[in-house]
Amino acid sequence: ELAEETLGMGPLSTLMADPAVSDILVNGPDAVWVERFGKLEKTTVRFRDAEHVTRVIERIAARVGRRIDQASPMVDLRLADGSRVNATIPPVSIDYPTLSIRRFGRRRLRRSELIELGMMSESMERFLDAAVRARQNVLISGGTGAGKSTLLGALAEAIPNDERIVTIEDTAELMLDQEHVVRLETRPQNVEGRGAISARDLVVNALRMRPTRIIVGEVRAGEALDMLQAMNTGHEGSLSTVHSNSARDALARIETMVLMAGIELPSRAIREQIVNAIDLVVHVHRFEDGVRRVVGVSEITGMEGTTPLLQEIFRFQRSGRQGKRIVGEFVATGVIPRLVERMRERNEILPMTWFTKAGGGGPGHA
């Protein structure tokens with residue numbers, strides 16, 4: 001305890017050692033929460049006072065060469081084990097210093113494990129696997145903590161080992177199996193307000209690095225424009241994630257973020273870029289029982305007037321509850337995707353039984 005208090009994470013060391021904890025949330029000296037198996041719960045861990053919390057935050061920041069003080073009262077960083085840390089101190093956080101730690105497993109979940117956990121069905125997995133191999137551009141959408149990065153890492157398993165992959169993230173957390181991977185990470189501005197490197201800078205730079213595929217961990221702002229241009233100019237098979245409430249909302253958010261690039265483009269031109277660039281939208285959602293599920297796999301088929309057209313290929317059909325557990329099944333909608341023909345040209349033969357209502361299902365509960 002003395003060693004942890006002097007050099008380590010202080011009272012949080014026991015929580016950091018618990019593999020079941022996925023999030024640690026410190027709202028003040030007497031309010032430490034964790035997430036276990038998708039559920040938030042309050043712990044008995046306590047700090048002595050607000051100053052004690054601040055000291056732990058400063059120690060964590062100093063460990064990775066960052067600082068937090070009155071001049072820059074917020075910090076976002078990554079620990080050596082890959083955990084993502086965000087901290088704030090007064091005057092930004094009014095009552096107490098806060099600390100949020102998003103933890104990641106020592107190894108990433110495989111596709112087979114996601115099926116066992118009830119995140120998707122085998123037909124979904126086989127179809128997405130073939131789509132990634134056939135270099136279709138896939139956008140994963142969902143809310144915070146819905147499992148977007150987990151699914152992104154699992155889908156990336158299908159990328160052939162002889163392709164050059166460039167990953168771009170705010171906080172590097174993707175763990176890929178391939179040998180030829182270049183990892184790029186954004187950098188915030190320093191105390192003097194200079195030296196920031198944005199995701200957009202990295203996307204532009206990645207295009208000069210001869211990538212076969214570009215994986216953008218999360219699209220947040222103007223880099224959406226450069227990502228769409230990359231997808232439309234030969235960098236097929238790109239993967240990315242975006243925060244949204246539905247597949248259609250994801251396209252609207254991409255359009256908004258393109259406008260954040262500061263270039264005046266007509267709405268129709270932006271939507272045409274989106275429709276031409278993105279092939280599939282996979283929407284994930286965390287349900288009340290803590291299980292993360294793929295609730296829809298949709299194909300972008302074109303535009304009608306100024307509206308992008310989406311057709312759903314797979315969906316999660318909820319049927320009720322058994323105690324605290326959500327019950328339902330993954331079903332195919334019966335729609336044959338248009339991209340099947342493009343995938344066939346790349347020697348990906350997809351059995352039509354995957355898309356029939358009888359063959360495309362699977363249990364949707366863990």
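All residue numbers in this chain count up from 1 along the given sequence. Every heavy atom of this structure was used, including side-chain atoms; hydrogens, water molecules and symmetry mates were not.
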Please determine, by modelled atom types, if Thr144 and His243 share a side-chain donor-acceptor pair under 3.5 angstrom.
-> yes

About how many Å separate CZ of Arg318 and NE2 of His285, when rounded to the nearest 0.5 Å?
-> 8.0 Å

Does one side chain, of Gln273 or Asn232, offer a donor that lies under 3.5 Å from an acceptor on the other?
-> yes

Would you say Met74 and Val85 are hydrophobically clustered, going by side-chain heavy atoms of ILVMFWY under 4.5 Å?
-> no

Linked, directly or transitively: Ile254 and Leu152 (ILVMFWY side chains, under 4.5 Å) | no

Return the minimal non-hydrogen interatomic distance between Glu348 and Ala130, and the atom names on each side.
-> OE1-CB, 3.8 Å

Atom CZ of Phe316 and atom CD1 of Ile326: how far apart are they, to the nearest 0.5 Å?
-> 7.5 Å

If the plane angle is over 60° it's perpendicular, under 30° parallel, otherwise tilted; pick one for Phe314 and Phe355.
-> tilted

Identify whether the distance between the nearest side-chain nitrogen and carboxylate oxygen of Glu122 and Arg126 falls below 4.0 Å.
-> yes

Out of curiosity, Asn137 CG to Ile214 CD1, how far, rounded to the nearest 0.5 Å?
-> 10.0 Å

State plainly whether the residues Arg315 and Glu329 are in salt-bridge range, i.e. N to O under 4.0 Å.
-> no

What about Leu184 and Leu207, same hydrophobic cluster or not, with Ile/Leu/Val/Met/Phe/Trp/Tyr joined at side-chain heavy-atom distances under 4.5 Å?
-> yes

Residue Ile94 excluded, over 12 heavy atoms near CD1 under 6.0 Å | no

Output, in order, the C-alpha distance, side-chain angles, deciding distance and verdict of side-chain contact (heavy atoms from CB on, under 4.5 Å) for Ile300 and Leu310.
-> CA-CA 5 Å; Ile300 301 179; Leu310 284 169; 3.5 Å; yes

State whether the side chain of Ser83 and the backbone N or O of Ile101 hold a donor-acceptor pair below 3.5 Å, judged by distance alone.
-> no

Considering residues, nucleotides and ligands other than Glu179, do more than 12 of their heavy atoms fall under 6.0 Å from its CD?
-> no

Between Phe47 and Tyr96, is the ring centre distance below 6.0 Å?
-> no

Atom pair CD (Gln136) and OG (Ser238), whose distance is rounded to the nearest 0.5 Å = 11.5 Å

Any ion pair linking Glu236 and Arg346 (charged N to carboxylate O, less than 4.0 Å)?
-> yes

Exceeds 12 heavy-atom contacts within 6.0 angstrom, atom CZ of Arg338 = no

Enclosure of Met209 CE (heavy-atom neighbours >12, cutoff 6.0 Å) | yes

Could you tell me whether Asp76 and Arg84 have a side-chain N and a carboxylate O separated by less than 4.0 Å?
-> no

Going by an N to O cut-off under 4.0 Å, is there a salt bridge joining Asp177 and Arg110?
-> yes

Any Lys/Arg nitrogen of Glu341 or Arg344 sitting under 4.0 Å from an Asp/Glu carboxylate oxygen of the other?
-> yes

Would you call Glu288-Arg321 a salt bridge at under 4.0 Å N-O?
-> yes

Does a side chain donor of either Ser267 or Glu255 reach within less than 3.5 Å of an acceptor in the other side chain?
-> yes

Are side-chain N/O atoms of Gln311 and Glu299 paired as donor and acceptor at under 3.5 Å?
-> yes

What distance separates Arg325 CZ from Phe287 CZ, expressed to the nearest 0.5 Å?
-> 14.0 Å

Under a 4.0 Å N-O cut-off, is there an ion pair linking Glu218 with Lys148?
-> no

Distance-only donor-acceptor check, side chains Thr98 and Ser93, under 3.5 Å | no

Under a single-linkage definition using a 4.5 Å side-chain heavy-atom cutoff for Ile, Leu, Val, Met, Phe, Trp and Tyr, are Val281 and Ile140 assigned to the same hydrophobic cluster?
-> no

Between Lys39 and Glu35, is there a salt bridge with N-O shorter than 4.0 Å?
-> no

Strictly by modelled atom types, are Ser298 and Glu312 linked by a side-chain donor-acceptor pair under 3.5 Å?
-> no

Separation of Arg36 CZ from Asp23 CG (nearest 0.5 Å) = 12.0 Å

Do we see a donor-acceptor contact under 3.5 Å between the side chains of Asp170 and Thr186?
-> yes

Would you check, one step at a time, whether the test side-chain contact (heavy atoms from CB on, under 4.5 Å) holds for Thr167 with Leu176?
-> CA-CA 10 Å; Thr167 69; Leu176 303 182; 3.8 Å; yes

ILVMFWY cluster, Leu339 and Ile349 together (side-chain gap under 4.5 Å) = no

Which of these, Arg286, Arg293, Arg292, sits in a salt bridge (charged side-chain N to carboxylate O under 4.0 Å, His left out) with Asp289?
-> Arg293

List the steps, then state whether side-chain contact (heavy atoms from CB on, under 4.5 Å) holds for Leu99 with Ile60.
-> CA-CA 10 Å; Leu99 181 63; Ile60 293 171; 4.1 Å; yes

Could you walk me through whether Met16 and Arg103 pass the side-chain contact (heavy atoms from CB on, under 4.5 Å) test, one step at a time?
-> CA-CA 8 Å; Met16 291 293 290; Arg103 301 189 61 220; 3.9 Å; yes

